[in-house]
Engineer: 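One structure, as structure tokens, below. Some questions next.
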Protein chains: 2
Amino acid sequence: MSIESLVTRARHICDVNGARFTTIREKVFRLLADTHGGIGAYELLEQLKASEPAAKPATIYRALDFLTEQGFIHKIESTNAFLLCHHFEQHHPAQLLICDQCGHVEELHSSPLQQEFVKLASEKGFLIQRQTVEAHGSCQSCLKKASND
Amino acid sequence: MSIESLVTRARHICDVNGARFTTIREKVFRLLADTHGGIGAYELLEQLKASEPAAKPATIYRALDFLTEQGFIHKIESTNAFLLCHHFEQHHPAQLLICDQCGHVEELHSSPLQQEFVKLASEKGFLIQRQTVEAHGSCQSCLKKASND
DNA sequence: GTTTTTTTGCTTCAGAATAACAAGACATTA
DNA sequence: TAATGTCTTGTTATTCTGAAGCAAAAAAAC
């Protein structure tokens with residue numbers, strides 16, 4: 001999936017939603033798209049400053065808020081990082097597998113897990129509005145590397 | 001479950017582990033036990049200062065680190081808060097239901113959900129070492145209240 | 001073309017967490 | 001019990017994360 005294609009899709013969704021995909025928002029979107037794993041707000045800010053020297057923390061956080069509202073990104077709560085979602089056509093809960101060795105993050109959308117969680121909550125009379133499901137550990141390629149040592 | 005009973009159990013586990021349940025650690029433990037939901041480190045610090053005026057952020061964070069190592073508390077990643085666990089005899093992954101209305105947090109330990117997550121990860125070749133499973137929404141009693149309006 | 005809404009610029013501040021080093025308390029064992 | 005080593009706490013500073021508030025600018029609506 002090329003960055004340009006992601007940008008085009010994002011722009012289209014903004015049009016539909018009557019939201020404005022401004023220059024700054026697009027730049028932050030592209031920076032996120034260039035990142036293979038999650039990236040912190042302040043690291044994003046450093047990168048944004050290359051083309052927007054006046055950028056301040058509020059600049060980034062406002063862009064991140066916007067991108068979150070549009071469903072373009074997920075926040076990784078356990079690391080305070082942000083991750084571009086590649087399937088943002090509809091909002092969806094996700095499960096994240098975060099590799100502590102290489103930093104790679106894999107995004108999953110398991111219905112069984114999702115349903116199990118909702119069911120579990122409803123048994124307690126709890127209505128889920130949003131959720132955070134994250135695992136830390138080792139990804140396949142890091143496990144392979146480790147076993148070769 | 002009374003606070004004294006929790007303290008006794010915690011002290012016993014520390015003895016077994018050869019860890020020291022010092023005054024400060026016990027005080028922080030008790031403050032956590034007095035809280036019905038999660039509580040932030042700095043709010044905890046404010047409360048601790050009542051009996052330990054010299055306490056500083058490091059005081060709290062060190063105590064929290066210790067209590068985490070012993071398995072006495074969970075961190076709520078999505079709110080940067082800490083929660084006393086009432087079943088700390090063995091370390092275990094937990095699922096948290098966090099009510100955004102009243103702040104109540106319910107801790108669950110569902111094996112099916114747990115197993116589903118591990119299975120899902122292993123299908124991707126991912127080995128889970130620790131996890132964060134949190135839901136935000138409305139608890140039963142808040143839903144009931146809302147329906148009476 | 002004026003008004004209204006949204007976005008951005010800018011400063012400040014609050015909350016969260018760690019680093020580094022000194023000082024004190026505790027445990028060990030000689 | 002005195003000396004030693006380890007663990008815990010005191011203290012200061014600093015970094016990271018995130019939000020609040022208000023003015024200026026840009027875009028949309030009328």
Side-chain angles (χ1 to χ4, degrees), chain A residues 10-11 14-29 31-32 35 38-49 51-70 72-83 103 132 134 136, chain B residues 10-11 14-29 31-32 35 37-49 51-70 72-83 100 103 132 134 136:
Chain A
R11 194 191 309 282
C14 287
D15 282 351
V16 170
N17 291 352
R20 285 157 58 192
F21 200 55
T22 63
T23 305
I24 288 183
R25 289 165 179 176
E26 180 175 335
K27 282 181 179 174
V28 174
F29 183 96
L31 289 173
L32 284 158
T35 305
I39 181 172
Y42 280 71
E43 197 181 334
L44 219 37
L45 176 58
E46 280 316 298
Q47 296 186 14
L48 180 63
K49 277 183 178 167
S51 70
E52 293 280 342
K56 300 266 178 323
T59 314
I60 285 292
Y61 280 103
R62 286 198 278 230
L64 290 171
D65 284 348
F66 175 84
L67 298 174
T68 301
E69 277 165 25
Q70 299 301 315
F72 298 159
I73 61 176
H74 298 295
K75 179 172 182 194
I76 309 175
E77 297 286 355
S78 58
T79 58
N80 296 319
F82 299 87
L83 179 73
T132 300
E134 300 171 5
H136 283 260
Chain B
R11 192 190 311 281
C14 287
D15 283 351
V16 170
N17 292 351
R20 284 156 61 192
F21 200 55
T22 63
T23 306
I24 286 183
R25 290 164 178 177
E26 180 175 336
K27 282 181 179 175
V28 173
F29 183 97
L31 289 174
L32 283 157
T35 305
I39 182 172
Y42 279 69
E43 195 180 335
L44 217 38
L45 176 58
E46 280 316 297
Q47 296 185 15
L48 180 63
K49 277 182 177 167
S51 72
E52 293 281 342
K56 302 264 178 324
T59 315
I60 285 290
Y61 281 103
R62 284 197 279 230
L64 289 171
D65 284 347
F66 174 83
L67 298 175
T68 300
E69 276 164 27
Q70 299 301 314
F72 297 161
I73 61 177
H74 298 296
K75 179 175 182 192
I76 309 175
E77 297 286 355
S78 58
T79 56
N80 297 317
F82 299 86
L83 180 72
D100 292 325
T132 300
E134 300 171 6
H136 284 259

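Labels below follow one simple rule: chain letters A, B, ... track the order of the sequence lines, proteins then strands, and each chain is numbered from 1. Computed from a predicted structure; not experimentally measured.
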Engineer: Output all residues satisfying side chain to side chain contact (heavy atoms under 4.5 Å, CB included) with B:Ala41, sequence neighbours left out; order by chain, then residue number.
Structural biologist: B:Ile60, B:Tyr61, B:Leu64, B:Phe82
Engineer: Any donor-acceptor pair under 3.5 Å linking the side-chain atoms of A:Glu134 with those of A:Ser78?
Structural biologist: yes
Engineer: B:Phe21 CZ to D:dT8 P: how many Å, rounded?
Structural biologist: 13 Å
Engineer: Suppose we screen for ring pair (Phe, Tyr, Trp, His ring centres under 6.0 Å). Which residues come up paired with B:Phe21, at least two apart in sequence or across chains?
Structural biologist: B:Phe29
Engineer: For A:Glu26, what residues pass the salt bridge (charged side-chain N to carboxylate O under 4.0 Å, His left out) criterion, not counting sequence neighbours?
Structural biologist: A:Arg11, A:Arg30
Engineer: Where is the tightest heavy-atom contact between A:Val28 and A:Ala63, given as atom of each residue plus distance?
Structural biologist: CG2-CB, 3.8 Å
Engineer: Using the salt bridge (charged side-chain N to carboxylate O under 4.0 Å, His left out) criterion, which residues pair with A:Lys56? Sequence neighbours excluded.
Structural biologist: none
Engineer: Would you grab the first and last nucleotide of DNA chain C (5' to 3') that comes under 4.0 Å of any non-hydrogen atom in chain A?
Structural biologist: C:dT6 to C:dT11
Engineer: Do side-chain atoms of A:Gln47 reach the backbone of A:Leu31 as a donor and acceptor pair under 3.5 angstrom?
Structural biologist: no
Engineer: Are any non-hydrogen side-chain atoms of A:Gln70 and A:Phe66 less than 4.5 angstrom apart?
Structural biologist: yes
Engineer: At under 4.0 Å between heavy atoms, which parts of nucleotides 9-28 of chain D does protein reach? Answer with one letter per nucleotide, 5' to 3': B base, S sugar-phosphate only, - none.
Structural biologist: BBBB----BB--B-----S-
